[in-house]
Amino acid sequence: MRHFRNLRSSILPAAPPSYAKARSFSTTQHTQIATNSSPGPATRPDAIRHWDVSAANKQISRYVRAGDLDSALRLFNATPFKTTVTWNSILAYYAEKGGKLGDAQKLFDRIPEPDVVSCNTMLVCYLRDSGVEAAREFFHKMTVKDVASWNTLVTGFARSGRMREACDLFEAMPERNCVSWSAMVAGHVEAGDLGNAEKCFSAAPESVPAWTAMISGYMKFGKVDLAEKLFWDMRVKNLVTWNAMLAGYVENCEASDALKLFRVMVELGVRPNGTSFCSVLLGISNLSALSLGKQVHQLISKSPMMEDTTACTSLISMYCKCGVLDDAWRLFVEMRRKDLVTWNAMISGYAQHGAGMKALSLFDQMKEEGNKPDWITFVAVITACNHVGLVGLGVQHFESMKTDYSVEARPDHYTCMVDLFGRAGKLDKAVELIKGMPFPPHAPVFGTLLGACRVHKNVEIAEFASQNLRRVDPANAAGYVQLANAYASVNRWDQVSRVRRLMKESAVVKQPGCSWTEVGKVVHEFRSCDRLHPDLPSILEKLGELGKKMKAAGYVPEFEYALHDVGDEVKEQLLLGHSEKLAIAFGLMRTVGGVAIRVFKNLRVCGDCHTATKYISAIEGREIIVRDTTRFHHFKDGKCSCGDYW
DNA sequence: ATAGGGTTAG
């Protein structure tokens with residue numbers, strides 16, 4: 001079973017979702033779709049009189065929702081007769097996007113007759129840009145309030161983890177609706193309090209949002225069964241409910257269930273939106289199932305979803321994660337409306353693949369086009385500097401991040417910086433940086449430092465890193481394994497056995513390694529020293545041949561990566577049995593020459609496999625792309641894009 | 001307009 005996740009058994013729908021029949025799905029057999037917007041009377045006399053205004057307002061809203069402020073403003077300025085709704089539509093842009101509180105305030109002050117909606121929208125702006133305290137202040141200044149105003153503030157408290165105040169406010173509300181209840185359910189979930197979420201849920205009147213919030217809650221607590229039960233018990237669901245299930249499956253590493261549900265959903269006539277595709281594509285990325293990703297791309301390209309920024313960004317990310325940078329880039333170039341996430345996806349795609357210069361020039365281009373980078377952008381940018389070995393530039397970006405862009409450094413940035421210094425051999429600098437961190441360093445910081453110590457053969461700092469890593473994350477095997485490797489690299493075998501003993505005593509379990517590769521739309525999975533794959537005899541034969549050629553070319557098996565106390569001959573067999581090598585050999589046998597092989601694995605690339613793959617790429621004249629837990633390695637002509645540091 | 005679903009990073 002585990003060997004063949006058959007992708008051909010069309011997880012995707014037989015017929016594409018029908019966007020043409022936009023309204024025809026609302027009352028299908030099992031699924032009723034609840035709509036929030038009431039259709040309203042078709043022809044009121046004044047509706048006819050103001051037809052122009054209402055049509056313009058609708059169009060402005062559409063532009064705003066699509067993130068196209070320029071077009072929205074153009075139409076706004078061209079509209080001679082503006083209603084408060086017209087103004088509100090523009091203001092909604094700032095509430096949605098955030099980051100421009102000043103502009104929002106200016107616009108708000110210009111509205112001739114602001115109504116509750118204007119105030120509520122402004123309230124959201126405050127909440128997004130300045131936090132819940134600023135929102136509370138504005139809320140108290142509001143002369144007219146409705147349920148939405150209260151809901152906004154309740155949500156504000158709930159989302160910032162202040163459930164106590166959210167509850168008080170909730171109790172004090174003059175009236176409540178389903179929005180209030182669902183916000184409370186979600187708030188308890190966010191606070192990690194499933195019990196109270198359930199209590200709140202059962203006290204709430206039945207509504208789609210409350211049920212959806214509860215489904216999400218169960219999913220976040222890993223209770224997939226309960227979520228499923230709730231979902232299938234629901235008589236009336238809407239698109240958000242379906243999306244909550246899709247996202248929940250993916251979150252719980254049940255990507256294939258997400259894909260199955262996606263198929264059901266489309267067959268019932270529920271049209272997926274950008275969010276649905278987001279989850280589906282993320283699931284596909286987790287499976288590294290490129291062929292499925294391509295199918296979804298086809299589906300999207302025949303639909304209006306091609307205009308959806310979220311859906312397209314997810315496609316780009318999927319191609320990056322499946323190791324096909326060219327296709328990601330092609331999409332990126334073709335995309336009409338890019339947002340920050342899109343830029344981040346592309347920049348980090350290049351950074352992860354080791355194309356540092358490309359990532360950096362993209363970063364410049366992004367700024368030139370008026371986009372403000374965020375913390376994720378800087379993770380990618382520093383990673384990119386790392387790959388090109390530009391330590392000074394990396395430091396410069398790290399510093400300018402705070403001074404020029406007021407982006408606070410997060411744990412991830414420190415990990416990147418330690419990597420940057422560590423790779424360049426500046427281990428002291430890395431230690432200095434760690435010691436000066438404004439918050440307690442987390443495990444990856446020490447793990448990265450430890451890795452660098454192994455490469456630069458510094459056992460003293462390796463001890464420091466390992467001790468701290470074991471303290472912060474005792475279950476992490478890397479704290480022992482990498483320390484042992486560092487000692488092995490300077491031939492301190494007494495210490496190597498000491499560390500191994502230590503590891504045994506601590507009962508840390510090394511995660512079993514597994515690798516997989518897609519051949520002919522089937523994902524083939526291999527474990528270390530696999531015994532189950534039916535093609536094993538021919539794979540081992542192929543590996544034997546390769547081993548001879550590799551040795552002739554100068555390859556020496558690196559026994560330090562065979563962590564067993566056995567003779568060299570057995571060690572060599574163990575190394576050849578590493579799941580990565582099995583997957584690569586299988587890929588070589590089963591694909592035609594000239595085609596790149598993509599292998600994915602659940603652990604970091606092992607040193608011996610890394611060396612071996614370099615030889616194999618030269619011997620077989622093939623490009624081999626290996627994705628491990630942290631980055632991509634592109635092997636070609638005996639070299640790797642990571643420059644032998646990872 | 002307020003809620004429930006979400007991409008980048010990890």
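Source: prediction; values computed, not measured. Reminder, nothing fancy here: chain letters follow the sequence lines and each chain counts from 1.
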For atom [atom1] of [X] and atom [atom2] of [N], their distance in whole Å:
X         : N       : atom1 : atom2 : result
Trp375(A) : dT7(B)  : CH2   : P     : 12 Å
Asn238(A) : dA3(B)  : CG    : P     : 15 Å
Arg631(A) : dA9(B)  : CZ    : C1'   : 15 Å
Arg604(A) : dG10(B) : CZ    : C1'   : 14 Å
Met245(A) : dG6(B)  : CE    : C1'   : 16 Å
Met173(A) : dA3(B)  : CE    : P     : 12 Å
Trp343(A) : dT7(B)  : CH2   : P     : 21 Å
Leu282(A) : dA9(B)  : CG    : C1'   : 12 Å

Nearest to the side chain of [X] - [options]?
X         : options                 : value
Ala247(A) : dG4(B), dG10(B), dG6(B) : dG6(B)
Ser279(A) : dG4(B), dT7(B), dG6(B)  : dG6(B)
Pro209(A) : dT8(B), dG6(B), dA3(B)  : dA3(B)
Asn177(A) : dA3(B), dT2(B), dT7(B)  : dT2(B)
Thr121(A) : dA1(B), dG6(B), dT2(B)  : dA1(B)
Val179(A) : dG6(B), dG4(B), dT2(B)  : dT2(B)
Ala345(A) : dG6(B), dG10(B), dT8(B) : dT8(B)

Considering only NZ, NE, NH1 and NH2 on the basic side and carboxylate oxygens on the acidic side, decide whether [X] and [Y] come within less than 4.0 Å.
X         : Y         : value
Lys106(A) : Asp109(A) : no
Arg162(A) : Glu133(A) : yes
Lys220(A) : Glu251(A) : no
Lys229(A) : Asp233(A) : yes

**Message:** Expected output is a numbered-order residue list: members of residues 148-160 of chain A with a heavy atom under 4.0 Å from any atom of DNA chain B. What is it?
**Reply:**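 Hits under 4.0 Å, by residue number: Ala148(A), Asn151(A), Thr152(A), Thr155(A), Arg159(A).
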**Message:** Listing request: all salt bridge (Lys or Arg N to Asp or Glu O under 4.0 Å) pairs with a residue in residues 115-124 of chain A, at least two apart in sequence or in separate chains.
**Reply:**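 Listed by first then second residue: nothing to list.
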[X] near the nucleic acid: base, sugar-phosphate alone, or nothing, with a heavy-atom cut-off under 4.0 Å?
X         : result
Lys338(A) : nothing
Lys145(A) : nothing
Val124(A) : sugar-phosphate
Asp146(A) : base

Quick one: is [X] getting a side-chain N or O under 4.0 Å of the [N] phosphate, OP1 or OP2?
X         : N      : value
Ser317(A) : dT8(B) : yes
Ser216(A) : dG4(B) : no
Lys220(A) : dG4(B) : no
Lys237(A) : dG4(B) : no
Ser348(A) : dA9(B) : yes
Gln352(A) : dT8(B) : no

**Request:** Check the angle between the aromatic planes of Phe378(A) and Tyr405(A) and answer parallel, tilted or perpendicular using the 30° and 60° thresholds.
**Result:**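 Ring orientation, 0 to 90° scale: tilted.
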**Validation row: Asn386(A), Met417(A) side chains within 4.5 angstrom (heavy atoms)** =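 They are not in contact (no side-chain heavy atoms under 4.5 Å apart), so the answer is no.
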**Asked** Does the dG4(B) base have a donor-acceptor partner in the side chain of Asn243(A) within less than 3.5 Å?
**Response**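 Looking at the base of dG4(B), it does not pair with any donor or acceptor on the side chain of Asn243(A) (distance under 3.5 Å).
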**Centroid-centroid distance, Phe170(A) to Trp181(A), less than 6.0 Å** =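 When the ring centroids of Phe170(A) and Trp181(A) are compared, they turn out to be within the sub-6.0 Å range.
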**Message:** Filter on side chain to side chain donor-acceptor pair (under 3.5 Å), then keep only pairs touching residues 274-285 of chain A, sequence neighbours left out; what's left?
**Reply:**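 Residue pairs passing side chain to side chain donor-acceptor pair (under 3.5 Å), neighbours aside: Asn243(A)-Ser276(A), Asn273(A)-Ser276(A).
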